[in-house]
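Side chains are part of it too, since the values below use all heavy atoms of this structure and drop only hydrogens, waters and symmetry mates.
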Amino acid sequence: LFGFLEFREYLRLRLDEAGRGAVTLWAGKIQVHPSLISQVLAGTRSLTPEQAFDLAEHLELSPLEAEYFQKLVAHDRAGSVKLRAHLQRELEALRAKALNLSERFEHDKKLSETEQARFYSHRLYSAIRLYCSTNPEGRTLGEICSAFRLERARAQEIIEFLQGADLIIEMQGRFQMGLQRTFLPKTSPFFFFFYANWRLGALTRVPRLSDQELMFTCPMSISREDFDKLRELIAGLIEKSSKLIADSPAEQVACLNLDLFWVTEED
């Protein structure tokens, strides 16, 4: 959505995805005749603020997406150059906000700097926390040692930290995941260690990669405009992935790495 500068283009895309009958369904949801939806898509009519609100809800947009969609409609309806310029600035601010992934995902806890320094020092902390969620009854200390080939003292040290940070809890000698989600902003001084640790994990996995797993690297030459479009596609994938992961039964621990960056530093 944040790659669109005109709300009709976005609606046409969603209509193509939804298939036949979508116009009638949308009209019913915002309590108008289907012909009005057709007129809106053709550019001869616009949506009211109330209709934009109801349609955003029907399309299951996130709060940030809904705000952006409604601002696009308001921009389309604006009757003065001054108001349109004001709304354009607000749209640009929302797009910038959307580029910050932390604004697009819910997270249960922001770790303190001391906790971040420890938690992101090695991928074992995150991996053991996730492993504790792969059994509804939790995991024992022995199971953790076996799964990660750890000495008991090292495993106990990690577990004690995770408990202190409320990231796992103990129930009758078994350890379960506590707080579900954390988020590390790219401005954090520990951002490098977090990414380096998991990318090292990917490299060590390469010799044993199965057909079910997937790794992809694609150096490219690309326009700046298409780079922004590609970034938004990836951000949308991450957002959808986050929702899928949140609802997925925990069976095994996996890692998803995605990168998109400029190789050269030209202006």
Side-chain angles (χ1 to χ4, degrees), residues 1-108 110 180-181 183 185 223-248 260:
L1 174 57
F2 298 104
F4 289 87
L5 304 179
E6 209 280 333
F7 79 93
R8 291 179 181 84
E9 293 180 4
Y10 175 70
L11 290 183
R12 292 187 191 106
L13 174 66
R14 291 297 300 266
L15 190 62
D16 289 341
E17 293 174 346
R20 296 181 60 182
V23 168
T24 301
L25 180 60
W26 291 2
K29 292 295 182 180
I30 65 175
Q31 299 181 338
V32 298
H33 193 275
S35 62
L36 185 138
I37 299 293
S38 299
Q39 292 169 356
V40 168
L41 293 172
T44 59
R45 296 281 295 272
S46 189
L47 295 172
T48 66
E50 294 79 10
Q51 291 165 352
F53 179 88
D54 291 340
L55 187 54
E57 185 176 56
H58 169 66
L59 295 175
E60 297 182 344
L61 301 184
S62 69
L64 191 61
E65 289 174 329
E67 183 179 0
Y68 184 78
F69 179 77
Q70 291 167 52
K71 281 284 193 302
L72 284 177
V73 173
H75 183 269
D76 180 73
R77 294 176 57 87
S80 69
V81 173
K82 187 176 180 180
L83 178 57
R84 288 178 66 85
H86 170 74
L87 290 170
Q88 184 64 39
R89 288 191 294 271
E90 291 192 339
L91 285 167
E92 291 171 359
L94 286 174
R95 281 197 294 273
K97 190 175 182 181
L99 290 177
N100 181 359
L101 292 179
S102 65
E103 299 285 351
R104 298 175 71 164
F105 308 116
E106 296 179 358
H107 40 280
D108 296 328
K110 182 177 181 180
Q180 296 296 303
R181 287 178 287 186
F183 187 89
S223 71
R224 293 185 178 277
E225 180 181 356
D226 287 337
F227 183 93
D228 291 340
K229 291 179 181 178
L230 183 56
R231 189 200 187 286
E232 182 54 35
L233 285 173
I234 294 173
L237 171 63
I238 295 172
E239 188 171 9
K240 291 180 180 179
S241 299
S242 179
K243 295 174 182 177
L244 175 67
I245 293 166
D247 297 332
S248 177
L260 177 67

Do the side chains of [Y] and [X] get nearer than 4.5 Å, heavy atoms only?
X	Y	value
V73	L55	no
K229	E232	no
L11	L59	yes
H86	K82	no
R8	D76	yes

Open item on the list: Consider ring pair (Phe, Tyr, Trp, His ring centres under 6.0 Å). Of F69, Y68, Y10, which one does F4 pass it with?
Closed with: Y10
Can you give the donor-acceptor pairs under 3.5 Å from side chains of residues 24-32 to other protein atoms, not counting sequence neighbours?
none

Going from [atom1] on [X] to [atom2] on [Y], what distance comes out if it is rounded to the nearest 0.5 angstrom?
X	Y	atom1	atom2	answer
L230	L260	CG	CG	5.0 Å
L5	L72	CG	CG	7.5 Å
Q88	L91	CD	CG	5.5 Å
D228	L233	CG	CG	11.0 Å
E67	E65	CD	CD	11.5 Å

Backbone of [Y] reached by a side-chain donor or acceptor of [X] within 3.5 Å:
X	Y	answer
S241	L237	yes
Q70	A66	yes
E9	E6	no

Task: Shortest non-hydrogen contact from A78 toward L87 - done: CB-CD1, 4.1 Å
Open item on the list: Could you work out, with side-chain contact (heavy atoms from CB on, under 4.5 Å) as the rule, every residue matching S38, not counting sequence neighbours?
Closed with: V23
